[in-house]
Structure formats: structure tokens, C-alpha cells
Amino acid sequence: MVDLRFVRENIERVKEAVKNKNENVDIDRLLSLDSKHRNLQKELDSLRHIRNKVSKEISLSKRNGENEPEKIEKMRKVSQDIKKLEREERKINGAIDELLIWIPNIPHSSVPIGKDSSSNTIVRETPEEKLSFIALSHWQLTETNKLLDYGRGAKVSGANFPCYTGIGARLERALINFMLDTHVSRGYKEVFTPFLVNRNAMFATGQLPKLEDDMYLVEKDDMFLNPTAEVPITNLHRDEIIKEEDLPLKYVGYTACFRREAGSYGRETKGLQRVHQFNKVELVKIVDPSTSYEELETLTKDAEIILSLLELPYRVTLLSTGDLSFASAKTYDLEVWAPGSEKFFEVSSASNFEDFQARRANIKMRKAGKLVYAHTLNASGIATPRTFIAIIENYQQEDGTIRIPSALIPYMGGLEKIEVNA
RNA sequence: GGAGAGAUGGCUGAGCGGGUGAAGGCACGCGACUCGAAAUCGCGCAUCCCGAGAAAUCGGGAUCGGGGGUUCGAAUCCCCCUCUCUCCGCCA
């Protein structure tokens with residue numbers, strides 16, 4: 001959530017941000033409601049001042065054994081007026097909030113302005129490794145090596161709910177453990193959070209209200225299936241004041257992630273590219289505001305480590321305003337190269353939300369005696385399905401077998417190569 | 001699912017219609033004592049909004065889990081919701 005005062009004082013900047021992020025919010029209406037509210041507040045404050053003063057007088061008189069029926073009568077009227085204005089205030093406040101929650105975070109000045117991903121810039125990249133033979137796609141490789149069972153997954157749940165089988169399941173589990181261990185060894189605290197999250201949590205990190213239709217909702221309990229561990233992990237500290245010396249907080253957590261992906265059927269859904277349930281290891285940082293952009297750089301590197309250790313070709317891109325998520329001020333994407341699919345897959349977004357989530361989540365820190373909102377960041381570290389794709393496509397051999405990246409061999413019980421997994 | 005208890009400042013905890021923005025304690029800050037420290041003593045110490053001011057600060061308002069209500073006046077009474085704890089039931 002952006003600060004209403006910030007909107008008031010930076011009207012053009014906010015309007016521009018809304019436009020550059022391809023959002024649509026009536027800022028002028030918000031401003032007129034805001035000024036209406038401020039006038040109302042003044043009126044209310046002076047009425048309440050009278051009420052407080054006279055009530056005190058009544059109280060003093062009572063103590064002296066006197067009665068002041070005419071004052072009470074007068075205050076009855078004042079009190080009614082206050083109630084009327086309070087009702088009005090509530091209405092206006094509601095309308096203000098309704099607009100305010102739809103204003104996206106303001107992009108950082110270093111973010112390129114652009115309509116969509118075509119304006120993203122490449123920050124750095126590893127050399128692409130060429131295979132000396134014609135690469136097979138992951139959906140072919142998983143088939144021949146029996147790593148996934150799409151049909152049976154669909155039988156149990158539906159389309160795009162693949163079931164990992166045999167060595168495939170083992171590889172998935174190896175990836176998760178490898179990632180967790182790597183991040184923990186580099187200073188992140190491991191958490192294992194609930195997978196069902198409530199509305200407040202989803203609002204706090206900015207998934208709601210905008211993305212409600214993309215989330216699975218358990219209606220009976222009004223709970224959402226976790227769409228990303230960003231939600232439960234960041235919300236661990238909702239409504240808290242964190243001690244300055246405890247920052248930065250660095251968390252790593254594994255969760256299954258659930259997304260309806262409404263409207264994306266038939267588009268890039270082949271194989272593991274886009275599925276309804278997937279596994280992800282997430283990095284979350286809660287930091288001192290003055291350090292958040294340095295923390296974004298190290299966070300991005302912390303996510304990249306996984307790709308380096310797996311020896312996969314990848315690139316880092318800086319998202320333009322049009323491609324930036326609702327809550328983010330600046331985001332780097334990590335994209336891994338998959339030679340069989342012949343494209344880059346996004347496996348991580350490293351974002352600085354500045355105080356956008358902290359304001360919604362009410363996460364503060366005390367700095368030089370003052371309370372200020374902390375800054376929150378997160379990065380996938382990293383999502384498994386596309387990493388799984390990249391591994392098998394990059395490590396495939398001409399004979400159709402698949403080597404195991406050396407970093408994963410210990411996690412595979414010493415297995416070095418997948419040869420038809422029965 | 002049933003019954004009960006509770007939610008108060010950074011923490012702990014009193015208050016249960018007016019004197020309470022909230023006792024006491026802890027923590028924290030400043031000062032005294034000390035060569036220094038501990039202990040002790042004194043003082044200070046919630047947040048947000050509006051207005052005035054260059055600023056220190058001053059004036060007003062709001063806030064005792066959240067939301068409504070009763071009352072001249074609500075932390076305190078009533079209603080709804082959320083969460084926590086205890087007991088019973090069910091259950092991996």
C-alpha cells in the first residue's frame with residue numbers, strides 16, 4: 001500500500017507509476033475524497049473537543065453534588081452531530097481505502113519504463129552451452145525416462161497436475177533439499193510454514209485484492225492455498241515491531257505453491273512449464289529501509305548461487321515497469337536456458353517491495369527511537385519445475401540418458417546418471 | 001464440534017462508567033554517586049492524525065484485539081467478529 005500522504009504530495013509521480021504499471025486507478029477521485037475527509041476531520045475534532053470539555057465540566061459538577069441538566073441536554077445534540085459525521089467519515093474512509101488498495105507500488109528510479117517484458121534489460125548472463133546433438137524437450141525426456149506421469153496426475157487432480165515418479169520424484173526431492181541446505185549454510189534461517197493462508201496474509205503481501213482469481217480459495221474456511229512462500233514467511237512478522245539489532249531477518253522456506261493460472265490454458269503449458277501445483281524454495285528478507293537496495297543485489301546473488309552450483313546457463317534481467325508485479329518497486333528475474341525447449345524460463349524473481357508490504361502488514365522497526373516501516377524483499381531460490389526442465393534438458397546425453405549435476409549426486413544417493421527409470 | 005477463561009504501552013501487569021493515555025514492575029535513555037563498573041537514588045520514556053512554528057515545542061483529536069451500539073461521558077456496559085489458553089468430544 002502506498003502512503004496516502006505520499007500520493008497527496010506526489011500526485012504526478014503516482015499517476016505516472018499507475019500508468020507505467022498498466023494499472024488504472026482514479027487518483028483525482030482519491031484526492032477529492034481525501035480533501036473531503038480532511039475537512040470532515042476538522043469539523044469532527046472541534047465538535048469532539050467541545051464534548052470532551054463539557055463532559056469534564058459535568059463530571060466536576062457531579063463531584064460537587066451539582067446537576068447540570070441543561071449542559072447534558074446540549075451535549076446530547078452535540079453527540080448526535082458527532083455520530084452523524086462519524087458515519088459519514090466511515091463512508092469516506094471506506095471509499096478512500098477502496099481506491100488506495102488498488103494503487104501499485106511506485107517503481108524505483110533505476111527501473112526502465114516500458115509496456116511489457118520487451119523493455120526488460122539483460123543485466124548479466126552466462127555463456128549458453130551448446131549441445132553437440134539435437135536436444136530433446138523435457139516432455140520427451142521425462143516420458144522416455146519415466147520421470148513424470150501426466151496422465152495419472154490428471155486422473156487424480158486434473159490437467160497440469162503432473163505426478164513425479166521414481167527417479168523423477170527423487171530428483172524433485174533432491175532439488176528441494178539441496179536448495180534448502182545451500183541457503184541455510186549461507187545464513188538464512190529455515191522455516192516450514194503453513195500451506196493455507198488467510199485473507200489478511202494475502203492482502204498484506206499484495207496478492208489480494210488484485211490476484212484473487214488466480215488463487216485457490218477454500219471457501220468453507222475462507223483460506224487460500226499458498227501461492228508462494230512469500231506470503232506465509234513475510235506474514236510471520238505481521239503486526240510486529242522488530243528490534244533494529246535483529247535486522248536484517250533472512251528466511252528460507254520450502255512450500256508447495258498453488259496457482260489456478262486461469263486463462264493460460266494452451267499457452268506455454270506443455271510439460272512442466274506452467275502447472276497448478278509446484279515446489280519452491282523461497283528467500284525472504286526483512287531489512288532496514290536504508291539498506292534494501294544493497295540487500296536486493298545480494299538476494300539476487302543468493303538465488304543465482306543455486307543455478308551456478310547446478311552449472312546451468314542463465315541470465316539475469318531487470319524488469320521494466322510494465323512487467324513489474326503490483327507490489328514490487330524493483331525486480332530482477334533469473335531465467336534459465338533450456339536447450340530442448342529452446343528458450344529461457346523464469347525460475348526466480350528477486351524483488352524489493354520497499355515499505356509497500358510492510359505498510360499493509362504493519363511490520364515496523366525502531367530506528368533512532370522512531371518507528372518506521374521495515375522494507376521487505378523476496379526471491380525464489382528457486383522454483384523447481386523449470387529448474388527440473390533445465391536440468392534434464394541441459395544434462396541430457398546423446399543416447400537419451402541424463403547425467404545428474406554433481407551438486408545433486410549426494411542428494412540422489414550417489415546416482416550419477418538416469419538411464420530409463422523403471 | 002461443545003463448555004469456560006482471556007486479549008491493556010517494547011515486555012509484564014493493575015484498572016471494570018467521569019480524577020486514566022492508562023498504577024506498579026521490567027527493559028530503555030539521561031543524570032547523581034564511583035577511579036571505573038555493579039548496586040542504589042532522581043528524572044524521562046506509546047503511536048497516529050490535524051493545525052501553528054525555521055526548530056525545540058505548543059494547541060486539538062483519535063487509539064486499551066477488530067467492528068458496531070448504549071451514555072452528556074466507555075479500557076470499563078451491550079452486540080458481532082477474530083485470535084489465544086484450559087477442559088470435553090472427535091481424529092492423523
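What's counted below: heavy atoms across the whole structure, side chains too, no hydrogens, waters or symmetry copies. The model shown is predicted, which means the values in this text are computed figures rather than measured ones. By convention in this document, chain letters (A, B, ...) are assigned in the order of the sequence lines, proteins followed by strands, and residues within each chain are numbered from 1.
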Describe the nucleic acid contact of Ile241(A) in one word from base, sugar-phosphate, nothing, applying a heavy-atom distance below 4.0 Å. sugar-phosphate
Among rG68(B), rG18(B), rG60(B), which is the nearest nucleotide to the side chain of Ser55(A)? rG18(B)
Would you please confirm or rule out a distance under 4.0 Å between OP1 or OP2 of rG60(B) and any side-chain N or O of His49(A)? no
Using both distances under 3.5 Å as the test, list the Watson-Crick or G-U wobble partner of rC11(B), or none. rG25(B)
Spacing of the C1' atoms in rC16(B) and rG73(B) (rounded, Å): 16 Å
Can you see if the side chain of Asn52(A) gets near the phosphate of rA62(B) - specifically, an N or O under 4.0 Å from OP1 or OP2? yes
Find the partner of rU47(B): check Watson-Crick (N1-N3 plus N6-O4 or O6-N4) and G-U wobble (N1-O2, O6-N3) distances, both under 3.5 Å, and reply none if neither fits. rA62(B)
Separation between the P atoms of rA37(B) and rC33(B), rounded to whole Å: 12 Å
Between the base of rU47(B) and the side chain of Lys364(A), is there a donor and acceptor pair under 3.5 angstrom? no
May I ask you to say whether Lys367(A) pairs ionically with Glu244(A), meaning some side-chain N is under 4.0 Å from a carboxylate O? no
Tyr254(A) and Phe192(A) aromatic ring geometry - parallel, tilted or perpendicular at 30°/60° bounds: tilted
Could you tell me how far rA62(B) sits from rG21(B) if I compare only their C1' atoms? Round to whole Å. 11 Å
For a quick check of understanding: with a heavy-atom distance under 4.0 Å over all strands, which category does Arg63(A) fall into, base, sugar-phosphate or nothing? base
Rounded interatomic separation in angstrom, taking NE2 from His237(A) and C1' from rG10(B): 16 Å
Please determine whether a side-chain nitrogen or oxygen atom of Ser79(A) lies at a distance below 4.0 Å from atom OP1 or OP2 of rG73(B). yes
In whole angstrom, give the distance that lies between atom CG of Leu371(A) and atom P of rG9(B). 13 Å
Rounded distance in Å between the P positions of rG36(B) and rC50(B): 48 Å
Do Phe388(A) and Tyr164(A) have their ring centres less than 6.0 Å from each other? yes
Please check the phosphate of rG61(B) (OP1 and OP2 only) for any side-chain N or O of Arg51(A) closer than 4.0 Å. no
Under 4.0 angstrom, heavy atoms only, what part of the nucleic acid is Arg238(A) near: base, sugar-phosphate, or nothing? nothing
Lys15(A) with Asp28(A): basic N within carboxylate O range, under 4.0 Å: yes
Euclidean distance, atom CG of residue Asp239(A) to atom C1' of rG9(B) [Å, nearest integer]: 15 Å
Checking all strands, does Lys62(A) fall into the base, sugar-phosphate, or nothing category for heavy-atom contacts under 4.0 angstrom? base
On the 0 to 90° scale, with breaks at 30° and 60°, tag the Tyr216(A)-His276(A) ring pair as parallel, tilted or perpendicular. perpendicular
For atom CG of Leu85(A) and atom P of rC49(B), their distance in whole Å: 22 Å
Can you see if the side chain of Arg76(A) gets near the phosphate of rC72(B) - specifically, an N or O under 4.0 Å from OP1 or OP2? yes
Round to a whole Å and report the spacing from CG of Leu40(A) to P of rG51(B). 14 Å
With the threshold set at 4.0 Å, does a side-chain nitrogen-carboxylate oxygen contact exist between Lys330(A) and Glu354(A)? no
Salt bridge flag under 4.0 Å for residues Lys210(A) and Glu23(A): yes
Please measure how far the P atom in rG17(B) lies from the corresponding atom in rA7(B), and state the result in whole Å. 16 Å
Find which nucleotide of RNA chain B each of Arg38(A) and Asn200(A) is nearest to by heavy atoms, and output the residue with the more 5' nucleotide. Arg38(A)
Tell me the partner of rG53(B), counting only Watson-Crick (N1-N3 plus N6-O4 or O6-N4) or G-U wobble (N1-O2 and O6-N3) with both under 3.5 Å; none if nothing fits. none
Please determine if Glu88(A) and Lys36(A) form a salt bridge, counting it only when a charged side-chain N lies under 4.0 Å from a carboxylate O. no
By nearest nucleotide on RNA chain B, pick out whichever of Lys53(A) and Lys71(A) is the more 5' one. Lys53(A)
Rounded distance in Å - CD (Glu240(A)) to C1' (rG9(B)): 16 Å
rC30(B) -> Watson-Crick or G-U wobble partner, both distances under 3.5 Å, gives rG42(B)
Atom C1', compared across rA56(B) and rG61(B): separation rounded to whole Å: 23 Å
Between Arg8(A) and rC50(B), does any side-chain N or O lie under 4.0 Å from OP1 or OP2? yes
Could you measure between the two C1' atoms, the one in rU71(B) and the one in rU57(B), and give it in whole Å? 36 Å
Any strand counts, and the cut-off is 3.5 Å on both contacts for Watson-Crick or G-U wobble. Which nucleotide pairs with rA3(B)? rU86(B)
Atom-pair distance (NZ on Lys370(A); C1' on rC45(B)), nearest Å: 13 Å
Can you find a side chain N or O atom of Arg87(A) that sits less than 4.0 Å from OP1 or OP2 on rG69(B)? yes
Tell me what Arg5(A) touches on the nucleic acid: a base, only sugar-phosphate, or nothing, going by heavy atoms under 4.0 Å. sugar-phosphate
Quickly work out the Lys367(A) NZ to rG29(B) P distance and round it to whole Å. 19 Å
Provide the distance between the two C1' atoms, one in rC11(B) and one in rC28(B), to the nearest whole Å. 11 Å
